[in-house]
**Q** 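Before I ask anything, let me first share the structure, which is written out below as structure tokens.
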Amino acid sequence: MGFRRFLFGGAVVLALTSLTAAPASATGYHGRYLALGDSVAFGYRPAAVTPRTDYLDAANFRGYAEKYAALRGLRLANASCPGETTASMLTPGAQSNGCENSLGSPIGYRTNFPLHVAYPGTQVEYAVAYLRAHPDTRLVTITVGANDMFLCQNTTPDHCTSSFPAALRQVETRLSAVLGALRAHYRGSIVLVSYYSLDYRDATQVSQVRALDSALGQVARRYRGAVADGFTAFRLASLGSGGDPCAAGLLIALPGGGCDVHPSPAGHRVLASALASAH
């Protein structure tokens, strides 16, 4: 994952049991929900625990967005893409971290496998068209920015140590452009689902995740958005395991031991709960 296994996530406390079944209020239709972002928003699982045939149908991947849509009775359009960066979200052909392309390769997830929704251009282009066509949209969520930092880590001589502040500023600038484009057509709720740490015992990693989350949150609030605090949500859910989200079952367990960087079903419930607290 990088930055001493840097990263990922979404939000705080609402009883997790409330997410195991949709409440009565979720019956029927309560508006639309547009989810944007990267592999966390997509509900991605790595190949080590996923049959290749599962990738041929995006419905096999369900994350916090699907859980929250079911909870609230919202009609979900999940436009997220594993490996998306703030650059590739905005600009066709821009460098992603495995969505439209990969470092040194024109191949990415999107060139091989379907997304939850099909669209020809960028996520932002799709989002703007969606919001213009669906004025009953009640919620837009976004989780993006970590892949920009991973690219910085993989393309700079000191693995983004000295370049970290400049990379953060670039993420802020591009996220501002993303949210500005959305706000030009949409006045409803926007919630940034923030990233979690992979190990709350690692002070360096915790500091870097907090810096990224702080930068993202400042931009979201500038555009009248809320923040679902994934960092705190995962920390609280990991307390019983000494601050280790892997041991707490919040990350996908790997067959050979340890965990992947992506949330497990339990981790996605924590993120959906955080989203429920913010929206």
Side-chain angles (χ1 to χ4, degrees), residues 1-21 35-50 54 58 60-71 76 78 80-84 116 141-147 150 191-202 205-206 208-210 212-213 216 227-279:
M1 185 83 217
F3 293 119
R4 312 253 307 241
R5 287 176 60 87
F6 172 62
L7 169 191
F8 273 146
V12 150
V13 280
L14 205 242
L16 292 180
T17 53
S18 70
L19 295 167
T20 60
L36 305 172
D38 55 25
S39 55
V40 174
F42 185 85
Y44 177 82
R45 300 188 310 274
V49 297
T50 307
D54 279 11
N60 291 315
F61 299 90
R62 298 178 60 82
Y64 71 77
E66 286 74 19
K67 293 179 186 300
Y68 189 72
L71 176 72
L76 175 64
N78 188 340
S80 60
C81 181
E84 193 79 286
H116 290 289
T141 61
I142 186 166
T143 302
V144 73
N147 284 302
F150 301 149
V191 180
L192 175 94
V193 182
S194 71
Y195 290 106
Y196 49 85
S197 175
L198 299 177
D199 188 347
Y200 289 88
R201 302 163 299 181
D202 184 332
Q205 182 196 116
V206 164
Q208 291 168 334
V209 177
R210 278 181 161 165
L212 175 59
D213 282 346
L216 297 172
V227 175
D229 185 1
F231 181 90
T232 300
F234 261 56
R235 182 179 65 81
L236 293 176
S238 301
L239 287 177
S241 300
D244 183 354
C246 179
L250 303 181
L251 302 174
I252 294 171
L254 296 173
C259 286
D260 183 63
V261 301
H262 294 94
S264 66
H268 277 293
R269 285 195 294 272
V270 169
L271 301 187
S273 185
L275 178 53
S277 296
H279 178 243

**Q** Show, in sequence, the C-alpha distance, side-chain angles and deciding distance for V206 and S197, and conclude whether the side chain to side chain contact (heavy atoms under 4.5 Å, CB included) test is met.
**A** CA-CA 6 Å; V206 164; S197 175; 3.9 Å; yes
**Q** Run S39 and H262 through side-chain hydrogen bond (donor to acceptor under 3.5 Å, both in side chains) and show every step you take.
**A** CA-CA 8 Å; S39 55; H262 294 94; 2.8 Å; yes
**Q** I would like to know whether V40 and L271 meet side chain to side chain contact (heavy atoms under 4.5 Å, CB included); could you show each step before the answer?
**A** CA-CA 10 Å; V40 174; L271 301 187; 3.9 Å; yes
**Q** With rounding to the nearest 0.5 Å, note down the distance linking OG in S80 to CG in D38.
**A** 7.5 Å
**Q** Any side-chain heavy atom of V261 sitting closer than 4.5 Å to one from L198?
**A** yes
**Q** Would you say the ring centers of F42 and Y64 fall short of 6.0 Å from each other?
**A** no
**Q** If every non-hydrogen atom of A48 is compared with every non-hydrogen atom of P255, which pair is closest and at what distance?
**A** O-CG, 3.6 Å
**Q** What pair of heavy atoms forms the shortest contact from A35 to A65, and how long is it?
**A** CB-CB, 3.8 Å
**Q** Could you measure the distance from the CG atom of D244 to the SG atom of C259? Nearest 0.5 Å is fine.
**A** 7.5 Å
**Q** List in chain and number order the residues that pass side-chain contact (heavy atoms from CB on, under 4.5 Å) with P46, two or more places apart in sequence or in another chain; answer none if no residue qualifies.
**A** Y44, V49, I252, L254, D260
**Q** Quick one: pull up CG in L216 and CG in L212 and give me the separation to the nearest 0.5 Å.
**A** 4.5 Å
**Q** Is there side-chain contact between R62 and H268, with heavy atoms separated by less than 4.5 Å?
**A** no
**Q** Can you see whether F61 has R45 sitting over its ring - NZ or CZ less than 6.0 Å from the centre and within 45° of the normal?
**A** yes
**Q** Report yes if the side chains of L251 and P245 come closer than 4.5 Å at any heavy-atom pair, otherwise no.
**A** yes
**Q** Taking T141 as the fixed residue, which of V191, N78, L76 is the one that meets the side-chain contact (heavy atoms from CB on, under 4.5 Å) rule?
**A** V191
**Q** Calculate, to the nearest 0.5 Å, the distance between atoms OG and CG belonging to S241 and L250 respectively.
**A** 7.5 Å
**Q** Would Y68 and H279 satisfy side chain to side chain contact (heavy atoms under 4.5 Å, CB included), going step by step from the backbone distance to the final call?
**A** CA-CA 10 Å; Y68 189 72; H279 178 243; 2.7 Å; yes
**Q** For the CZ atom on R201, are there more than 12 heavy atoms of other groups (residues, nucleotides or ligands in this structure) within a distance under 6.0 Å?
**A** yes
**Q** Y200 versus V209: any side-chain heavy-atom pair under 4.5 Å?
**A** no
**Q** Might you work through the side chain to side chain contact (heavy atoms under 4.5 Å, CB included) test for D229 and F234, ending with a clear yes or no?
**A** CA-CA 9 Å; D229 185 1; F234 261 56; over 6 Å; no
**Q** When rounded to the nearest 0.5 angstrom, what is the spacing between NE2 in H116 and CG in N60?
**A** 9.5 Å
**Q** Using modelled atom types only, decide if a donor and an acceptor are shared between the side chain of T143 and the backbone of A41 within a distance under 3.5 Å.
**A** no
**Q** Might you point out which heavy atoms bring A248 and A237 nearest each other, and give the distance in Å?
**A** CB-O, 3.8 Å
**Q** Minimum heavy-atom separation for G249 and A266, please, with both atom names.
**A** O-CB, 3.6 Å
**Q** Distance from D213 atom CG to L192 atom CG, nearest 0.5 Å?
**A** 7.5 Å
**Q** Testing the basics here: between G37 and V144, what is the closest heavy-atom pair and its distance to 0.1 Å?
**A** CA-CB, 4.4 Å
**Q** Search all heavy atoms of A272 against all heavy atoms of K67 and return the closest pair with its distance.
**A** CB-CB, 4.0 Å
**Q** Checking the side chain of N147 only, and the main-chain atoms of E84 only, is there a donor and an acceptor separated by less than 3.5 Å?
**A** yes
